[in-house]
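Data first, discussion second: the structure below is written as structure tokens.
Remember, it's 1-based here, ligands and their atoms both numbered in the order they're listed.
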Amino acid sequence: MTISEALARTIIDPKSYAQREIADAAFTQIRAEQPLDKAELPDFDPFWVVSRHADIKEIERQPDIFRNGDKSTFLSPRDGVERVKGLTGGEPNLIRSLVSVDGDEHKALRGVVFPHVTPRAIKPLEDQIRQIAREFVDHMLGFGGEVDFAQDVAFLYPLRVIMTVLGVPQEDEPFMLKLTQELFNNADPELNRRRAELTPDEMLKSLWETTMELEAYFAAVTEKFRANPTGQINSLIANATINGEYLNHRQLMGYYIIAATAGHDTTSNTTAGAMWALAERPELLRAMQDNPDRINAFVEESIRWEVPVKHFMRSAVTDCEIGGRQIKAGDWLMLSYQSANRDETVWADPFDFRIDRDQNPQIAFGYGVHVCLGQHLARMEMRILWEELFVRLRSVEMNGRGERTISNFVCGPKHVPIRFTVN
Ligand code: HEM
């Protein structure tokens, strides 16, 4: 039996993630009744919905069998994938980034940045990031008690951090923010390029335009950093060689684009979601102030809670068995991080925000060879912001209705209006 059409439509509908209870309820039913089953919709290639934590790990542990780049790495309708192939000369992904390549190419590309983002490598950035965090805390307190925390703090702080690390000048931050939102939040009329509800055709067209705009921007970046190399990440990318050759155009552009977009939107969404959780739980701020040693537990729980990356896709190259089901060569699979991070067999009370979890094997950064490259930086910058905020805030509560972005891919809260007092 396949997953019912109604349930399948619910979990792919961008609006279900804007009202998260809808997506959560659908996945709870799927985990209970059909934890690994196929969805068949007339406009999409059939895909397996992988809803359990253990099954996602098992798949991600076998990157030679479950590949990223053979099919679209995010859920797209069949027509859309065909048009992308037309635009790219046959590749199913518009952008050739780390998440859409496999094997030796992935290993070599990942190796360009990996040594520079380990916990030890980023430790020297701590003071600079704390300085940035303090600036944004002061900026927030300057609002005098009422602020839209998502718009005025959470979207801006991680943007400043990643752009500093990459080597993008501060004056280009608004441009980067706008293009990132267009890329990830195409289904949301408040954030996409046309400021309207888009048909699938219009969505693809606008994604292509955004990609071209990003490429035009980054073309000059290569020239700049080849002429004057620095230790910043964009410079490492511009000057990297594989087998003695610079990265080709698609590899270069894909690398710049993923670092500049995934490097802040995810962290911003997590930060905004954590503030929403705090503002709805008056005891949580006090608990954090009384137990500052729980800061890492708070950050980890906020990542699990928010799950800013809702899914990625894989495709099987050989027949195999996962979770007792027969997967066939060529099958497409949706790894639902949203679902896996609510798996009742892994967490007691998965729908509660708790800072007393001693074990929190959240899988919101993914797993295996593609596990998030920026995970340590993301954790560090969020920890620092909360350390700086917790000592300044006396109280926080919602000041109106929060609102989430309409998207089934990378998203989270876009408005978190809060009222706060300070010490
Ligand atoms: C990959 C989540 C922050 C850069 C990923 C993946 C997820 C993810 C789910 C795919 C993993 C997989 O396929 O197993 C997150 C979350 C973040 C975050 C939840 C923040 C809370 C960042 C930051 C950066 C970054 C700050 C930039 C420094 C990347 C890159 C990849 C990636 C380059 C591709 C890795 C690969 O395919 O080898 N991230 N991310 N991410 N992330 Fe993040």
State plainly whether the residues [X] and [Y] are in salt-bridge range, i.e. N to O under 4.0 Å.
X    : Y    : result
R357 : E301 : yes
K178 : E182 : yes
E126 : K123 : yes
E381 : R130 : no

Identity and separation of the nearest protein heavy atom to [atom]:
atom                    : result
atom 10 (C) of ligand 1 : F312 CE1, 3.5 Å
atom 34 (C) of ligand 1 : V99 CG1, 3.6 Å
atom 2 (C) of ligand 1  : A364 O, 3.4 Å
atom 21 (C) of ligand 1 : T270 OG1, 3.4 Å
atom 14 (O) of ligand 1 : E60 OE1, 2.4 Å

Proximal ligand 1 atoms for [X], defined as those under 4.0 Å from one of its heavy atoms:
X    : result
H106 : 36 (C), 37 (O), 38 (O)
Y367 : 14 (O)
P308 : 19 (C)
R110 : 35 (C), 36 (C), 38 (O)

Test of proximity, T267 against ligand 1: N or O pairs below 3.5 Å: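 Not met; the criterion fails.
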
Under 3.5 Å, N or O to N or O, is N68 touching ligand 1 that way?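 By distance alone, the answer is no.
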
Going by atom types only, do [X] and [Y] share a side-chain donor-acceptor pair under 3.5 Å?
X    : Y    : value
N360 : W347 : yes
D148 : Q151 : no
Q338 : D24  : yes
N185 : T405 : no

In sequence, state the C-alpha distance, the side-chain angles, and the governing distance for R342 and D349, and then conclude on salt bridge (Lys or Arg N to Asp or Glu O under 4.0 Å). CA-CA 9 Å; R342 305 282 178 270; D349 311 320; over 6 Å; no

Location of contacts on [X] toward ligand 1, heavy atoms closer than 4.0 Å:
X    : answer
I162 : side chain
R314 : side chain
Y337 : side chain
H264 : neither

Check whether NZ of the Lys or CZ of the Arg R226 lies under 6.0 Å from the centre of the six-membered ring of Y246 and within 45 degrees of that ring's axis.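 R226 over Y246 ring: yes.
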
Ring of W276, cation from R281 - is the NZ or CZ under 6.0 Å from the centre and inside 45° of the axis?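 That pair does not qualify as a cation-pi contact.
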
Atoms named by residue and atom, protein N, O or S, within reach of atom 43 (Fe) of ligand 1 (under 2.8 Å):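 Under 2.8 Å from atom 43 (Fe) of ligand 1 - ignoring waters, which are not counted - the protein N, O or S atoms are C372 SG.
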
Parallel, tilted or perpendicular: which one describes the rings of H106 and H370, with boundaries at 30° and 60°?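 Ring orientation of H106 relative to H370: tilted.
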
Out of H370, M382, E381, whose heavy atom is nearest to atom 37 (O) of ligand 1?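 Answer by nearest heavy atom: H370.
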
Does the ring pair (Phe, Tyr, Trp, His ring centres under 6.0 Å) test come out yes or no for F312 and F74, once each step is laid out? CA-CA 5 Å; F312 266 120; F74 66 94; 8.2 Å; no

Can you find a non-hydrogen atom of G368 under 4.0 Å from ligand 1?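 No, G368 has no heavy atom closer than 4.0 Å to ligand 1.
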
Assess the pair F409 and H311: is the distance between their ring centroids shorter than 6.0 Å?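 For F409 and H311, the ring centres are under 6.0 Å apart.
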
